[in-house]
2 protein chains.
Amino acid sequence: MGRTTGSHSDITRPKIRAAALRLFARHGFAAVSMRALATEVGVQAGALYNYTPDKQTLLFTLLQDHMNDLLEACTSDAAPTALERLRHFVDFHIRFHADRPDEVFISYMELRNLTTENFATVETLRRQYEDRLEAILRDGAAAGDFAIADTKIATLAVIAMLTGVNTWFRAGGRLSLDEVITQYWDMVRKSVMAG
Amino acid sequence: MGRTTGSHSDITRPKIRAAALRLFARHGFAAVSMRALATEVGVQAGALYNYTPDKQTLLFTLLQDHMNDLLEACTSDAAPTALERLRHFVDFHIRFHADRPDEVFISYMELRNLTTENFATVETLRRQYEDRLEAILRDGAAAGDFAIADTKIATLAVIAMLTGVNTWFRAGGRLSLDEVITQYWDMVRKSVMAG
DNA sequence: GTCTATAAAAAGATAGAC
DNA sequence: GTCTATCTTTTTATAGAC
């Protein structure tokens with residue numbers, strides 16, 4: 001008793017999502033026309049408007065969903081020490097982002113193409129994610145395990161370093177992701193540790 | 001004696017450069033029309049083509065000039081130890097990039113909008129800059145001062161961390177640039193130092 | 001849900017007057 | 001060197017048939 005034969009919604013919708021991520025990451029949001037997107041999906045341009053009211057909403061949905069996925073996946077580690085929780089965060093951040101290079105790229109590159117209201121929504125979610133790391137660093141500093149001059153700066157510095165992996169890492173390259181994580185964890189750990 | 005009265009070349013050219021940097025950084029290369037650029041400059045669209053053969057060449061020139069400025073300003077420090085040269089690099093990198101937020105933003109965001117050939121040219125220059133830091137880290141590791149698993153990864157990790165300052169730092173904010181540099185230097189130093 | 005066709009606006013780039 | 005005017009193409013989005 002399923003859906004009618006003519007309903008391609010649950011096939012076309014994920015295809016649009018995948019194609020948009022790929023093309024926006026490769027060429028940039030403004031450089032990708034709805035025609036080019038439709039061609040990549042395998043439909044005509046007009047059909048896209050069954051799934052999004054306009055191009056802007058399509059971009060916004062991609063970024064919002066990505067941030068929600070990130071926040072949902074970033075479970076608070078139950079480890080007792082801040083050092084262990086930091087290790088967990090580093091491992092999680094690198095793996096999660098390495099799995100979604102297009103989402104991550106778009107999330108950093110195309111914020112400026114969001115409307116003011118949509119930007120504010122995405123920015124709030126991003127801030128929530130940063131707060132997870134900041135809480136770990138604050139706990140470690142309070143316990144005397146970490147030596148950090150300014151917690152907020154340290155948060156941004158660590159996230160920038162970790163997210164930078166995405167600019168060069170490719171699976172099957174010289175180093176495995178495990179090796180990469182090992183070295184980044186070593187650098188992050190040392191950078192915040194007390195003497 | 002002087003130039004002819006009708007020649008506005010040395011006035012308009014830098015205005016185009018400044019306007020293009022500002023608009024490309026704010027809205028993205030593909031999202032800025034030649035008409036919008038002309039309006040920002042204060043001329044008509046057709047006049048722009050006295051200064052660039054096309055839009056692509058305009059973008060390429062901005063990025064190429066920026067990388068050449070960077071390489072020229074990044075003088076090799078004569079300090080005897082790798083640690084001192086690293087400190088010099090951190091200070092230089094943060095200051096140089098903080099002074100040119102638009103150039104830096106565009107250099108990371110709009111690489112994908114360059115033609116294959118133009119991209120290769122800019123990429124070669126970027127690689128040369130990375131090599132400056134990598135040489136410092138290699139020297140320090142060879143001397144036993146640094147403990148780094150992979151020099152190339154450490155290079156990219158440090159540059160990503162330092163360039164990340166540009167995503168949030170604003171002059172006149174909570175912290176001075178000197179304070180920011182002090183903390184980043186502390187984190188970078190610790191992250192590469194041997195036990 | 002997808003198609004064809006089209007409306008209406010905007011794009012990159014050029015020609016020729018001044 | 002800049003202007004106005006224009007050519008040609010492409011854009012986002014909609015209407016109506018199937």
Side-chain angles (χ1 to χ4, degrees), chain A residues 1-21 23-24 26-63 106 110 112-115 117-118, chain B residues 1-24 26-63 106 110 112-118:
Chain A
M1 330 265 349
R3 46 190 74 79
T4 64
T5 347
S7 176
H8 298 161
S9 179
D10 51 355
I11 298 174
T12 302
R13 187 178 293 278
K15 283 175 79 174
I16 292 176
R17 185 189 172 77
L21 284 172
L23 292 182
F24 290 171
R26 197 109 63 209
H27 308 290
F29 172 74
V32 176
S33 69
M34 294 296 270
R35 276 175 183 75
L37 178 59
T39 299
E40 183 86 355
V41 172
V43 297
Q44 292 299 314
L48 296 178
Y49 291 89
N50 290 318
Y51 298 93
T52 184
D54 49 44
K55 202 185 171 191
Q56 162 72 205
T57 303
L58 177 57
L59 173 64
F60 172 62
T61 303
L62 292 177
L63 298 195
I106 295 172
E110 306 297 355
R112 62 189 173 186
N113 281 309
L114 291 174
T115 61
E117 189 180 347
N118 288 343
Chain B
M1 324 285 255
R3 46 190 74 80
T4 64
T5 347
S7 176
H8 299 161
S9 177
D10 51 355
I11 298 173
T12 302
R13 187 178 294 278
K15 283 175 77 174
I16 292 176
R17 185 189 173 77
L21 283 172
R22 190 164 49 244
L23 291 182
F24 290 171
R26 197 110 62 212
H27 308 290
F29 172 73
V32 176
S33 69
M34 294 297 272
R35 278 174 181 76
L37 177 59
T39 299
E40 182 88 355
V41 172
V43 297
Q44 293 299 315
L48 295 178
Y49 291 89
N50 290 318
Y51 298 92
T52 182
D54 49 44
K55 201 185 171 192
Q56 163 72 207
T57 302
L58 175 59
L59 173 64
F60 171 61
T61 302
L62 293 177
L63 297 196
I106 295 172
E110 305 297 355
R112 62 188 173 186
N113 281 310
L114 293 174
T115 62
T116 307
E117 189 179 348
N118 288 343

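We use all heavy atoms of the structure for the numbers below, so side chains are in, but hydrogens, waters and symmetry mates are not. Chain A is the first sequence line, chain B the second, and so forth, proteins listed ahead of strands; every chain is numbered from 1. Small disclaimer: the values here were computed from a predicted structure and weren't measured.
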* Look at B:S33 and C:dA11 and indicate whether a side-chain polar atom (N or O) is within less than 4.0 Å of OP1 or OP2. => yes
* Would you call B:I16 and B:L58 a side-chain contact if the rule is heavy atoms closer than 4.5 Å? -> yes
* To do: Grab the CG-P distance between A:D54 and D:dT14 for me, whole Å please.
  => 8 Å
* Given side chain to side chain contact (heavy atoms under 4.5 Å, CB included), test A:L59 with A:N113 step by step and report yes or no. => CA-CA 8 Å; A:L59 173 64; A:N113 281 309; 4.0 Å; yes
* B:D10 CG - D:dT2 C1' separation (whole Å) -> 15 Å
* **Which nucleotide in D:dC3, C:dT2, D:dG1 has an atom nearest any side-chain atom of B:V43** => D:dC3
* Nearest whole angstrom, please: distance from the P of D:dT10 to the NZ of B:K55. => 15 Å
* Salt bridge check: are A:E110 and A:K55 linked by an N-O gap of less than 4.0 Å? -> no
* **Gap between atoms CG and P, on B:N113 and C:dG12 respectively (whole Å)** => 12 Å
* Reckon A:Q44 has a side-chain N or O less than 4.0 Å from the OP1 or OP2 of C:dT2? -> no
* C:dT2 phosphate, OP1 or OP2: any side-chain N/O from A:T12 under 4.0 angstrom? -> yes
* Can you check the B:R35 CZ to D:dA5 C1' distance for me, whole Å? -> 11 Å
* Structure fact -> Taken to the nearest whole Å, OH/A:Y49 to P/C:dT6 is 18 Å
* Structure fact -> From CG of B:L37 across to P of D:dT2 the rounded distance in Å is 13 Å
* Answer with base, sugar-phosphate or nothing: what part of the nucleic acid does B:V32 contact at a heavy-atom distance below 4.0 Å? => sugar-phosphate
* Out of curiosity, A:Y51 OH to A:T61 OG1, how far, rounded to the nearest 0.5 Å? -> 14.5 Å
* Whole-Å distance separating the CE atom of A:M34 from the C1' atom of D:dT14 -> 12 Å
